[in-house]
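The next block holds one structure in the form of C-alpha cells; read it before the comments.
Because only heavy atoms are used, hydrogens play no part in the values below, and waters and symmetry mates are left out as well, while side chains stay in. First listed ligand is number 1; within each ligand, the first listed atom is number 1.
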Amino acid sequence: MTPFSESASDAVKGKVQGKDSICRVALIGFGTVGRSVARILSNSGNKLLRLTHICNRNVARKKQDWVPGDVIWTEDIDSVLQSDADIIIELIGGISPAEQIVRRALESGKSVVTANKQLIARCGPELLQVASRHGSHLEFGASVAGGVPVLPALRTGLSGDKLHGIAGILNGTCNYILSRIESARVPFSEALEEAQAKGYAEADASEDLDGGDARAKLAILALAGLHARVAPETVRARTIRPLDAVDFDYAAELGCTIRQISRADLKGNTLLADVGPCLVRSDSPFGRVQRNLNLVLTSGQYGGDMAFLGAGAGGDPTAVAVVSDVLFLAEGLAGHKRGTSSVTTPTISADFETAWYLRFFVRDQPGIVARLAQILAAHRLNIDSLLQKPGFEKTSLPFVITLEPCRDSQLHPALEEMSGLEFALRPCLCLPILR
Ligand SMILES: NC(=O)c1ccc[n+]([C@@H]2O[C@H](COP(=O)([O-])OP(=O)(O)OC[C@H]3O[C@@H](n4cnc5c(N)ncnc54)[C@H](OP(=O)(O)O)[C@@H]3O)[C@@H](O)[C@H]2O)c1
C-alpha cells in the first residue's frame with residue numbers, strides 16, 4: 001500500500017540504529033483523537049519516540065498539564081513543518097488545509113500519519129506518489145474502521161494473498177440505527193434521534209445515512225487491498241432513510257436482518273462496488289454485528305475469507321491505530337518498496353447479481369399482484385416469494401416480493417415501470433439479499 005523506497009527506509013532505520021536514535025513526532029490537531037494520541041505518547045515511556053510539538057488553532061485553551069513540559073504548544077503550522085520533526089501526525093480532518101499540510105510535509109521528507117478518510121479517499125493515490133518521489137512515508141491505518149487493524153492487515157498479513165473481494169459494515173452510525181430498529185422496532189426517526197443523543201450521529205447525519213462516509217472508506221480499502229484506484233463518487237451509494245420497522249419484520253420472515261453493507265468485488269478490470277442497505281442472514285457475521293461496531297470481511301484467492309471486528313470510532317481506539325502507524329515508521333519496519341506500481345484503475349460498476357427484496361406500500365385494490373407479476377415477467381424476472389403480513393390498514397398496505405438472483409441492470413427497467421403505478425403510495429424499496 002505505502003511506497004517505501006530503499007533510501008527512505010534506510011533514513012528511518014538510521015534513526016533507530018545509528019547516530020540519532022530518537023524519532024521526533026509533531027501532532028497537528030488536538031481534538032478527540034489528537035488528545036488520545038498525545039496521552040498515549042506521553043504515557044508510553046517509549047525511548048524511540050519524542051513528542052516535540054502540539055499544534056492547534058487558538059492553542060492556549062488546549063494546553064494540558066499532563067503533557068511533558070518540553071513539548072512546544074503552537075498554532076503556527078509553518079513552524080511545525082519547518083521544525084526537525086521526523087513524523088507529522090495530521091488529525092485536524094477535512095480536505096483543506098489538511099491536504100496542503102500533508103503534501104508539504106511529505107515534500108520536505110517528513111513522514112506523515114493521518115486518520116483522515118476523506119483526504120485519503122480523494123487524494124490518497126496522489127499523496128502516496130508524492131511520498132514515493134520524496135523518500136517519505138504516508139500511513140493511514142486509522143482512516144477506516146478506527147481501531148480495527150484492517151488496513152495494516154491488508155498491508156502486511158494479507159499482502160501475500162491475491163484479494164478479490166472486500167465487504168464491510170463501515171459506518172457505526174448506520175449500524176447503530178439499523179440494529180436499534182431491529183431490536184426495538186422503533187421508527188427510523190426515533191432511532192436516528194437516539195443515535196444523535198448518544199453522540200453516535202452528527203446533527204447533519206447525511207454523510208452517514210446516505211453512504212458518503214462508507215464509500216470513502218470502501219475506496220481506501222479497495223486501494224489497500226485490491227490495489228484499485230477508486231474515486232469515491234463513482235461508487236453508487238444508497239440511503240438507509242426509507243427503511244421502516246416493517247422491513248425488519250419481513251426480513252425476519254426470510255431469516256434475515258438489514259445492514260448497511262459496503263462491498264467491492266474485482267472481476268477482471270471491472271470493480272463491482274456498492275454501498276447501501278442489504279438483507280443479510282441473521283446468523284451471518286454481518287447479521288450479528290450490533291450497535292456501532294465495524295466488521296470487515298476479505299476474500300482471497302489463497303487464504304479464503306477473513307474477518308476483522310471491533311470499534312470503528314472513538315478517541316482511544318482510533319489513537320491506538322495512529323500510534324501503531326507511528327511506531328511502524330519509527331521502528332523502520334518498512335524495509336522495501338510497496339507498490340503504487342501495481343495500482344490499477346478499473347471500471348466501476350454496481351451491476352451485482354443478487355436476489356432482491358422489493359417492498360411496496362400500496363392503496364389496496366384488486367389486481368395489484370397480477371399487475372406487478374406481469375411487469376416482472378415482461379422483464380424476465382422470477383419471483384421467489386410473496387409476503388404479506390395481516391393487520392395493516394388497506395389504505396396503506398406494505399407487502400414484499402422477493403426475486404431470484406438477477407443483475408441490477410436487468411431489474412432497473414422493471415422498477416422504473418413500477419414507479420408510475422397508480423396504487424403505489426411510496427417508491428418501491430429495493431434491497432439486495434446477500435447470501
Ligand atoms: N473521532 C473518531 O472517532 C475518529 C475515528 C476515525 C477517524 N477519525 C478522523 O480523525 C481525524 C480527527 O478527528 P477528531 O474526531 O479528533 O476531530 P476533532 O475532535 O474535531 O479534532 C480536530 C482538531 O483539529 C483542530 N483543527 C481543525 N482545523 C484546524 C486548522 N485549520 N488548524 C489548526 N487546528 C485545526 C480542531 O480545533 P478546534 O477545537 O478549534 O475545532 C480540533 O482540536 C479526522 O480526520 C477524523 O475523520 C476520527
Is there side-chain contact between P97 and R104, with heavy atoms separated by less than 4.5 Å? no
Donor-acceptor contact below 3.5 Å, side chain D274 vs main chain A350: no
Once the angle between the rings of F399 and F360 is folded into 0 to 90°, is it parallel (under 30°), tilted (30 to 60°) or perpendicular (over 60°)? parallel
Cation over ring face, R426 and F361, 6.0 Å, 45°: yes
Can you tell me the protein heavy atom closest to atom 7 (C) of ligand 1 and the distance? A115 O, 3.5 Å
Examine the proximity of ligand 1 to T318 and report which part, side chain or backbone, both or neither, has a heavy atom under 4.0 Å away. side chain
Do any heavy atoms of N58 fall under 4.0 Å from ligand 1? no
Does the protein come close to atom 3 (O) of ligand 1 - that is, does one of its heavy atoms sit below 4.0 Å from that atom? yes
Any non-hydrogen protein atom less than 4.0 Å away from atom 17 (O) of ligand 1: no
Go through the side-chain N and O atoms of D208 and Y200 and say whether any donor and acceptor fall under 3.5 Å apart. no
Does E75 have a heavy atom less than 4.0 Å from any atom of ligand 1? no
When you compare the side chains of E193 and S189, does any donor N or O come within less than 3.5 Å of an acceptor on the partner? no
For ligand 1, note which part of A98 has a heavy atom under 4.0 Å away: side chain, backbone, both or neither. neither
May I ask whether R61 places a heavy atom under 4.0 Å from ligand 1? yes
